[in-house]
Number of protein chains: 2
Amino acid sequence: MDNRGGFDLRRVLLFRGLNGCDLTALLAKARQEAAVRGSTFFNECDDALHCRLLVAGRIKLVQTSTDGNQVVTRFVAPGEMFGWAQVLGASVYPGSAEAMVDSVALTWDAASMRSALAAHPVLALNALELLGARLREAQDRLREVATERVERRVARALLRLARQSARPTGEGVEIGFPVTRQDLAETTGATLHTVSRILAAWEHSGILAGSRQRIVLLHPGRLETLAEDGG
Amino acid sequence: MDNRGGFDLRRVLLFRGLNGCDLTALLAKARQEAAVRGSTFFNECDDALHCRLLVAGRIKLVQTSTDGNQVVTRFVAPGEMFGWAQVLGASVYPGSAEAMVDSVALTWDAASMRSALAAHPVLALNALELLGARLREAQDRLREVATERVERRVARALLRLARQSARPTGEGVEIGFPVTRQDLAETTGATLHTVSRILAAWEHSGILAGSRQRIVLLHPGRLETLAEDGG
DNA sequence: CGGTTTCTTGATCAACGTCAATATGAGTGG
DNA sequence: CCACTCATATTGACGTTGATCAAGAAACCG
């Protein structure tokens, strides 16, 4: 089996259950694409001609509203697909994909991914499951933003980030890629000012430590309390 | 071709492109289920054993958070599927499905729907498209709730409702099923008080008219202005 | 007709955004 | 290596949106 880009593609959830042959054939159709930190794989409203699998790095998907406000719809970790728009019936990307660190993706054109989905039911079912999970996550976040205080939303966001990309350190769990207060604000629907204040308070009370773009959760348990019962 | 429950099933987007035979076979596996106004087809956290197609009536999907706050994740119109949870890899329903008027649904068990999806690629691709559209909608609403004022969110919610279920009246477009201020509050992430005040103001300025659970948009254009550039 | 749900409206208040100023570090070119 | 610049972060003062609290009115229902 192939092992392109130093990444084990059998681990990719979308490909689970696909036999080696078919996987190799599918891979043959992909090309590799890189984006340095700060650049994008695609921008909001670009024609959605491709879909991608993140192989290395970290991406954020960002939607911008007419008045310039931005929202981070998802952080993408290696092994996850992104930019499905065309495959799923949209003609343009609903958001931009910005590399938070230097990143590498495998890129398919939407048409061949569609035919692969049609040819391999297991692939389509996997896609449905993944998409279902994403829909549930989006709805959960909707409920949070609609009903919960900023502090709690920030707590949840940090826990999600930690779950997706924990890097154990001496004194706690570090989030494994650079996250600005602005990023956190855009995932939680708050301003960077409020986020900054909240994090400062938490640093003060020993729940977390951090410096520029780095956040270490010293006390995930206490964060979970904050996230759940609003202690 | 079958025409069960007085509803033309060829119009259902999920079934588009499926041949008559297969459609009939699929329908044979469904059973009919009714829910009177106010009752539910299923509740949040129930085991997700079935998936459903709304044939008549109107449903709202509601998520409740631990502190009792509710959010309406979607209004379901006839012809739309709901309660896909199990098919999409979740074991329990992420929300309840409450009938806003007396309603009828066709019900499949999740296993047979899964095998139908596996057997008919066209079905799986349709499902992916529909789910993709839903994901985009959820993300749009997330962006709205995170960045926009309540007034604008209410305007958008009304326009969405009108689009999904407009009933032309003498003086404007009526929303074709009973919607309470509470419902609107739960779709927009506001309180019913705020919604009530906003609607009162709009009634005052002639943008809409309404009575108990009835809303008539007299001036959709002005609502659209409010929804877009915050005029 | 009494009870219940829905809706309205006022008064008050706090969460959080906005505005503003400053600090801190990281990268860059001279 | 240092000066400069830019992005990021901190912090305070203040204002506004919209929630909360409270009370009552109106419509519907058995």
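Chain naming here is simple, since letters A, B, ... match the order of the sequence lines and numbering starts at 1 in each. Fair warning: this is a prediction, and the values are worked out from it, not measured in the lab. Heavy-atom basis, side chains included; hydrogens, waters and symmetry copies ignored.
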(request) Return the set of residues passing ring-ring contact (aromatic ring centres under 6.0 Å, His included) with B:Phe82 (not counting sequence neighbours), or none when no residue passes. (result) B:Phe41

(message) We want to know whether B:Gln139 and A:Arg134 form a side-chain donor-acceptor pair, criterion being a heavy-atom distance below 3.5 angstrom.
(response) no

(message) Please determine whether the number of non-hydrogen atoms from other residues, nucleotides or ligands lying under 6.0 Å from atom CD of A:Gln213 exceeds 12.
(response) yes

Kindly give the atom pairs (protein nitrogen or oxygen, nucleotide nitrogen or oxygen) under 3.5 Å for nucleotides 16-20 of chain D.
unit_1 : atom_1 : unit_2   : atom_2 : d
D:dG18 : OP1    : B:Val150 : N      : 2.9
D:dA19 : OP2    : B:Thr191 : OG1    : 2.9
D:dA19 : OP2    : B:Thr194 : OG1    : 2.4
D:dT20 : O4     : B:Arg197 : NH2    : 3.2

(request) Find the distance B:Glu186:CD to C:dC7:P and express it as a whole number of Å. (result) 12 Å

(message) A:Glu129: which residues meet the salt bridge (charged side-chain N to carboxylate O under 4.0 Å, His left out) condition with it, sequence neighbours left out?
(response) B:Arg114

(message) Between B:Phe177 and B:Ser165, is there a side-chain heavy-atom distance shorter than 4.5 Å?
(response) yes

(request) Specify the separation, in whole Å, of atom CG of A:Leu184 and atom P of D:dT10. (result) 11 Å

For nucleotides 2-8 of chain D, give me every protein contact, N/O to N/O, under 3.5 Å, one pair per line with atom names.
unit_1 : atom_1 : unit_2   : atom_2 : d
D:dA7  : N3     : A:Arg212 : NH2    : 3.1
D:dT8  : O4'    : A:Arg212 : NH2    : 3.3
D:dT8  : O2     : A:Arg212 : NH2    : 3.3

(request) State which residues pass salt bridge (charged side-chain N to carboxylate O under 4.0 Å, His left out) with B:Arg214; sequence neighbours excluded, sorted by chain then number. (result) B:Glu174

(request) Rounded to the nearest angstrom, tell me the gap between atom CD1 in B:Ile198 and atom C1' in C:dT9. (result) 14 Å

(request) Let me know the distance between CD of A:Gln182 and P of D:dA9, rounded to the nearest Å. (result) 9 Å

(request) Whole angstrom is fine here: how far is it from CZ in B:Arg214 over to C1' in D:dA26? (result) 16 Å

(message) Salt bridge check, A:Glu80 against A:Arg74: does any charged N sit closer than 4.0 Å to a carboxylate O?
(response) yes

(request) Could you pull out all residues at least two apart from B:Arg52 that satisfy salt bridge (charged side-chain N to carboxylate O under 4.0 Å, His left out)? (result) B:Glu33

